[in-house]
Number of protein chains: 2
Amino acid sequence: MWLASFRSLLCKCFIPRWLGLCRLIKTTLIPLERRMLLAMLLNLVLASFVFLSFIRDGSAGITSSFIRSEWPAVDIPLDHEAFAVPKGYNAPQQVHITQGDYDGKAVIISWVTTEEPGHSHIQYGTSENKFQTSEEGTVTNYTFHKYKSGYIHHCLIEGLEYETKYYYRIGSGDSSREFWFKTPPKVDPDSPYKFGIIGDLGQTFNSLSTLEHYIQSGAQTVLFVGDLSYADRYQYNDVGLRWDTWGRFVERSTAYHPWLWSAGNHEIDYMPYMGEVVPFKNYLYRYTTPYLASNSSSPLWYAVRRASAHIIVLSSYSPFVKYTPQYMWLKEELKRVEREKTPWLIVLMHVPLYNSNGAHYMEGESMRSVFESWFIEYKVDVIFAGHVHAYERSAVTGIHYLTNQHLFT
Amino acid sequence: MWLASFRSLLCKCFIPRWLGLCRLIKTTLIPLERRMLLAMLLNLVLASFVFLSFIRDGSAGITSSFIRSEWPAVDIPLDHEAFAVPKGYNAPQQVHITQGDYDGKAVIISWVTTEEPGHSHIQYGTSENKFQTSEEGTVTNYTFHKYKSGYIHHCLIEGLEYETKYYYRIGSGDSSREFWFKTPPKVDPDSPYKFGIIGDLGQTFNSLSTLEHYIQSGAQTVLFVGDLSYADRYQYNDVGLRWDTWGRFVERSTAYHPWLWSAGNHEIDYMPYMGEVVPFKNYLYRYTTPYLASNSSSPLWYAVRRASAHIIVLSSYSPFVKYTPQYMWLKEELKRVEREKTPWLIVLMHVPLYNSNGAHYMEGESMRSVFESWFIEYKVDVIFAGHVHAYERSAVTGIHYLTNQHLFT
C-alpha cells in the first residue's frame, strides 16, 4: 500500500568525475504484499528497493538511456562562464538552499557576499515580485591559511505551507537577486516525490554535464552523497577560491532545489603543510544542515523527513563507533522512524559499505561492522553512497553479503 | 642486541574495576637473533614481546604474584581521605605531570586552583628546597552544564637533563606545594626503563588498591590506556565533581610520575540531556598531551619516545578511517620510528583490536580493519588496550588471528 504511493521516486546515480557514467533508475510499482513476500522468501532487506525492482523486471531494472560523454576530467578554467560572478556591487552569489526542519516546512537559504557583509535579510512570498514576508539570518566568515572567505549568510525560513512555490529575494538594491523554491508535499505515505542523487561532483566539464542532466530530469530535491568541490586538489589560496567557484557553479540548481548534504573525504581539507588541520572547516562554514531538528549534535549527521521518505544522513569521516555521538544519535533516530508515515527509509553516506571496485576497496568495513546490523534490523530500504566512481548495486542476504565480484563472510 | 638493553621493561596490566585482577609481566632476555628467528619461523609479529617471552619460558611468562582483593566496585565516598583537599587558601590540587616533548627532556605540569586563578608559575630545580629556575604556564576554566570547573593550569618545562631528579613548587605562600619527578634516560636502545600500564581505573576501593600497587612496583611512568574517572556515571553537577575527586585521588602518583594519557569511552561525556555534546570536554580541559611535538593536530593522538621505546597513542573514539587526520598522522608517524634508537614500538589505545570476551565483543573491528596491516608491516611489538575488564593476550599470525576462545578469518 505504502509502496504504491511512492510511485515516482527517481533514483539518479551520477558518478561523474572519472567514469563519465550517468545512470537513471526509475522504480516501477510492486504491490506491498508481493514485495513483502519476496523480501521474506529471499531474505533481502538492504537495498531491497533497487534489487526487487530488478526481480520483477528480470533484468537490471529500467535504467536511463542517458550515457554521459566522457570528457577529460579536468577542472573548468576559472574564467569560464560556469563560474560567472553575478553583476552588481556586493551581489549575493553561491546561493543554495536545503531543508530547514524535520518535516519539510522550513528552508535554510545560504549565500555569499564578497565586498562587505551587507544584510542577511530575506524577503519571500508566494507571488512573483510580491514578497509579503521577511526573515533575518546570520553572517559569518573565516580564513583558511591566507585565504579570506566572503561573508557567508545563512537564513532559516520556517512555517511554510506544503506543496507551495515560494519566491525569495536577497541582497540590496540593484544587486538584489530573486529565486524560487517549491516546498514538498506533507509527510505522508501517499505523497509522491522525485529525488535526484548526486555525489563526487567536482567542477569539471563532466560535472557540468551531470548538473545539467539533473536539472532536466524533473527531480525535485538532490540527495548529495559527499565530495562537493574537490577544492582540496588545490593548495593555499586556491582551495578557498575553488570552494567559491563551486558554489557559483552549482547555484543554477542549488538556489532553487534543496540539496541535502552529506560530507565526503574531499570536505575534510586536512592540510597541515599550510597550518589547516580542523576537519571540514571550509565545508561547515558554507554548507549547513537542519541537524538540530533531529536532535543531532553535529551538522555532519542528521535526518529529515520529506514526502514519504525518512532520510538519514551519516558522516563517514566522523566518529561512529559505539559510544560516540553519531552512534548514540543514530540509535535514537532509528527508533523515531514511523514507517506508517514514511514507508521509505533511506540512508546517505559517502563511503559505501560494500564495494568490489579496486578503488577504495574495503574502506567501508569500519562503518559496516558498526551499523550493518541496525540497517538490517530496521529494514533500511536503500543506502546511497558515493566515493567509488563506479556504479554498483549490492544486496544483503542475512549476515553474508554479495557484491558483484566477491563473497565475504 | 637492542632487546637486551631493555632489560627491565615492566608491563603491568591492571584491570581493576570489575574483576579485581592485577597482573605483572616482567620481560626476560631473549637475544635479538633468536628472537628474530622465532619471529620469522612463527610469523608472529604483533604482541611478540609478550608472546615470545612465553615461548622461551614455555609458560605464560613471569607474572606477578599479586592478585588484588575483589572489593565491591562502588565508588569511594566523597568525604573519604583519598579525595582530601590540600590545606591552605587556593592550594594547588589535582597535580599531574606528563611528558612534554618527543624525547623526554620536557614535562607538562598541570594543577587546579579552586578559589581564584592565582598564578601559573612553577619554580623548579635539581635540589630539594632550592629552585633555581622558573616557568610560566597558562590557566583556563570551563563549564559543564551548571558545573563550573576550578582554574586549570598547564605549564611546560623544557630543556631538562636526562636521568635527573627535579623538584618543583607550585602555588603561593603558605598554600604552595612541592613535588618531584625524574626524567628518563636518553632515547637509546641501551636505556633501561620500567613502565606501568593502567586502564579503566575509576575511583572505587579497587582503584585505590591498583594505584597503591603501582606506586609500590618500582615502575617509573604509567602508560594509561583510557577511562580515567568514570565521572560519566554521574549526572549534572556531579560529573565535574567526580572529575575533581579523581584528580585528587591519583595525585599521589601523577604529581611525581608522568602518566601518558589515552582517552576511553568514559572520557567522551556526551550528555545531550544536560546540553553537553562536545566530546571529551572535561578530559581535554584537564589532561593535556605533547601532541604538537609529534606533529599531531589533536591531544587525542600523539607519540613520544622514552628511553628505548617509541610509544604511539591512538584515539579509539576519534575519526581514524582513511583520509582522516588521525589516519594521515599515524601513516607519517610510523615512518618516523627509528628502531635503531627505539627498538620497542608500543601502541596504546582504549579498545582492543582483538577480544574474545563477551563484553565489548567486536568493538575493535572498525580500527582493526584500518590499522592492523600497518601494525604488522611496521612490526609493532605490543599493543596495550583497556576497555574490556578482563585480562587477555593475543598474537597475530599473518592475517588470521587468534584470541583465547575464537578463531576469526
Side-chain angles (χ1 to χ4, degrees), chain A residues 226-227 232 263-273 275-281 291-292 294-298 300-301 315-329 331-332 349-351 353 359-373 387 399 408-409, chain B residues 226-227 232 263-273 275-281 291-292 294-298 300-301 315-329 331-332 349-351 353 359-373 387 399 408-409:
Chain A
D227 284 0
D232 60 353
N265 53 302
H266 289 286
E267 278 67 74
I268 299 175
D269 288 344
Y270 172 72
M271 299 181 171
Y273 68 90
E276 291 293 349
V277 294
V278 177
F280 304 113
K281 189 174 178 184
Y291 67 102
L292 294 173
S294 57
N295 301 322
S296 164
S297 58
S298 167
L300 295 166
W301 58 89
S315 177
S316 298
Y317 300 103
S318 302
F320 52 72
V321 302
K322 192 170 180 180
Y323 307 112
T324 60
Q326 185 170 199
Y327 177 100
M328 304 295 278
W329 172 82
K331 192 175 182 181
E332 294 305 311
M349 60 180 65
H350 185 61
V351 181
L353 300 192
H360 305 303
Y361 186 59
M362 296 290 274
E363 286 180 24
E365 274 301 285
S366 288
M367 188 175 273
R368 188 192 65 75
S369 71
V370 182
F371 289 151
E372 184 186 50
S373 61
H387 199 43
I399 56 168
F408 304 102
T409 57
Chain B
D227 283 1
D232 60 352
N265 53 301
H266 289 286
E267 277 67 76
I268 300 175
D269 288 343
Y270 172 72
M271 299 180 170
Y273 68 91
E276 291 294 347
V277 295
V278 177
F280 305 112
K281 189 175 179 183
Y291 68 102
L292 293 173
S294 56
N295 302 321
S296 164
S297 57
S298 167
L300 296 166
W301 58 90
S315 176
S316 299
Y317 300 104
S318 301
F320 52 74
V321 303
K322 191 170 182 180
Y323 307 111
T324 62
Q326 185 169 202
Y327 177 100
M328 304 296 277
W329 172 83
K331 190 176 182 181
E332 295 306 310
M349 60 181 66
H350 185 61
V351 181
L353 300 191
H360 304 304
Y361 186 59
M362 297 290 275
E363 286 180 23
E365 273 301 284
S366 288
M367 188 175 272
R368 187 192 65 75
S369 72
V370 181
F371 289 151
E372 185 186 49
S373 61
H387 199 43
I399 55 167
F408 303 102
T409 57

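Quantities reported herein were computed from a predicted structural model and do not represent experimental measurements.
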Of all the heavy-atom pairs spanning B:Met328 and A:Tyr270, show the shortest one and how long it is.
CB-CE2, 3.6 Å
Nearest 0.5 Å, please: how far is OH in B:Tyr317 from NZ in A:Lys322?
9.0 Å
Does any backbone or side-chain atom of A:Tyr327 lie under 4.5 Å from a heavy atom of chain B? Answer side chain, backbone, both or neither.
neither
Is any side-chain heavy atom of A:Pro272 less than 4.5 Å from a side-chain heavy atom of B:Ser297?
no
With a 4.5 angstrom heavy-atom cut-off, is it the side chain or the backbone of B:Ser315 that approaches chain A, or both, or neither?
neither
For the side-chain hydrogen bond (donor to acceptor under 3.5 Å, both in side chains) test, which of B:His360, B:His387, B:Glu267, B:His350 pairs with A:Tyr323?
B:His360
At their closest point, which heavy atom of B:Ser366 faces which heavy atom of A:Phe320, and how far apart are they?
OG-CE1, 4.0 Å
B:Val321 and A:Ser316: which non-hydrogen atoms are nearest, and at how many Å?
CG2-O, 3.6 Å
Tell me, side chain or backbone of A:Ser369 under 4.5 Å from chain B's heavy atoms, or both, or neither?
side chain
